[in-house]
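This report concerns only the one structure given below.
Both ligands and their constituent atoms are indexed starting at 1 by order of listing.
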Amino acid sequence: MTPPRKLYVKSFGCQMNVYDSHRMADMLAPEGFAETVHLGDADLIILNTCHIREKAADKVYSELGRVGALKSAAAREGRRVTIAVAGCVAQAEGEEIVRRAPVVDLVLGPQSYHRLPELLARAEREGAVVDTEFPVEDKFDVLKAPSREAIRARGVSAFVTVQEGCDKFCTFCVVPYTRGAEVSRPVMKIVAEVERLADAGVREVTLIGQNVNAYHGEGPDGASWTLGRLLERVADVPGIARLRYTTSHPCDMDASLIAAHRDLPGLMPYLHLPVQSGSDYVLKRMNRRHTRAAYLEAIARMRTAQPKMAFSSDFIVGFPGEREEDFRATLSLVDEVGYANAFSFKYSPRPGTPAADMPNQIPEAVKSERLQRLQAALNRHQAAFNAQCRGRTFDVLFEKPGRYPGQIVGRSPYLQPVQVMGPKTTIGHIAAVKVTEIGANSLFGALEESAAGVEPMLMEA
Ligand code: SF4
């Protein structure tokens, strides 16, 4: 029997890329590839790239320098290493990648990874291959299901892509160009995937999409279902105790989604709802299609439906034309919502997007100063949110052993890491924890007595 070839996948960026990396590994498993965590052992290296952060393409080229050196060293020992670049930088750069980095054998966009085996075979026969088409076939129909072993190795919490692409065209964002138009998967195909995950021991599923709450997949009745209806159906899958979804757009917070937060105990009371700016002037220039008031109204409706709700968000400071008064509007929105967590960045132009060519680009020093002020406010709110967790009892889904002997780590409903001393057999369980200490990045606490043995062990070591 030929030994399995080794596959090393490095995933950059968002959860959608993590999910895509898993699905690429699933696609290659029947071709005789086994995943390795050691780059130096790999026969096939896939860089699954992200275009969101600043200088994304530069980072990929510098990473290619490193893996290219490995490829040359392997060649000197008579071993062939194949290098593939996937994801959004691959989609945006295309042929340019092979031109600048001839070590690359294959460039494939996010809509092509179900063709990996065929594309690799072509690259071996013909030399470098670039595939950044948006194919007509449904990649989800072609993708291979993960094995039970692969699911178990990935842990008790899993991502499931339900929607891809975006039709919103925010003026700063490349996603509509790299991921294409919005597409939603049919309800029952998602349910089948969740059932398979639950059957292998997954307890928590996060439904993901670039614009997940614009979900409009075909239901079993032939009608178009909303995300709220989909969540209700997925909540019925035996074994699934927790549900989350990300990333949402404020314009798509419809009544069914709000009702789902009211009615589904398994739907976590935590929502990532990017706002980007608190100023209507900037929101309009960003083409966000919502106002500050509409955003705050969505938050208020959520809080009325589910009083335990907490929120996280994304912010961009120094968008072209942002005045001090606009920035202050962002600070006041932060105070009004009181976020539990947030991601904030300085605006940086993405080639090909309308904002990159807008006049009134903001000087770097101003952006840095505003980012500091914003992050100080966000940190203050995060610390206040964490502080009020002290003394409270949360259900925690335990995911893995901690850093110290006897310690185990899980997540609260608000995604905070929670560390306790407890038996390893609690991993894979949801158990009640009383929070006793607040750390910089984690909560610390003790298992409540009733936690021992409350649920059957689903994950095997
Ligand atoms: S809604 Fe999100 S993914 Fe779509 S264009 Fe705007 S920022 Fe990008």
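Nearest protein heavy-atom contact of atom 4 (Fe) of ligand 1 is C166 SG, 2.2 Å. Closest to atom 8 (Fe) of ligand 1 among all protein heavy atoms lies C173 SG, 2.3 Å.
Salt-bridge annotation for E63 and K59: absent, with no side-chain N of the basic residue lying under 4.0 Å from a carboxylate O of the acidic one.
Residue-level proximity to ligand 1 for F172 is carried by the side chain, the only part with a heavy atom below 4.0 angstrom. When heavy-atom distances to ligand 1 are checked against a 4.0 Å cut-off, P176 comes that close only through its side chain, counted from C-beta outward.
Using a 4.0 Å cut-off to heavy atoms of H249, the atoms of ligand 1 that qualify are 1 (S). Near V175, meaning under 4.0 Å from any of its heavy atoms, are these atoms of ligand 1: 3 (S). Against a heavy-atom cut-off of under 4.0 Å, F169 is close to the following atoms of ligand 1: 5 (S).
Atom 4 (Fe) of ligand 1 does not have C170 among its coordinating residues (no N/O/S atom, backbone or side chain, under 2.8 Å).
Aromatic pair Y215/Y245: ring centres not closer than 6.0 Å. Ring centroid separation for the pair F33 and Y8 does not come in under the 6.0 Å cut-off.
Listed by first and then second residue, the salt bridge (Lys or Arg N to Asp or Glu O under 4.0 Å) pairs involving residues 272-290 amount to none (not counting sequence neighbours).
Selection from R288, Q276, R289, K168 by nearest heavy atom to atom 2 (Fe) of ligand 1 gives R288.
The shortest heavy-atom distance from R179 to ligand 1 is not under 4.0 Å.
Of the N and O atoms on the side chains of S348 and R350, at least one donor lies less than 3.5 Å from an acceptor on the other residue.
At least one cation-pi condition fails for R373 and F327: the charged atom is not both under 6.0 angstrom from the six-membered ring centre and inside a 45 degree cone around its axis.
In this structure, R244 and P413 approach most closely via the heavy-atom pair NH1-O, 2.9 Å.
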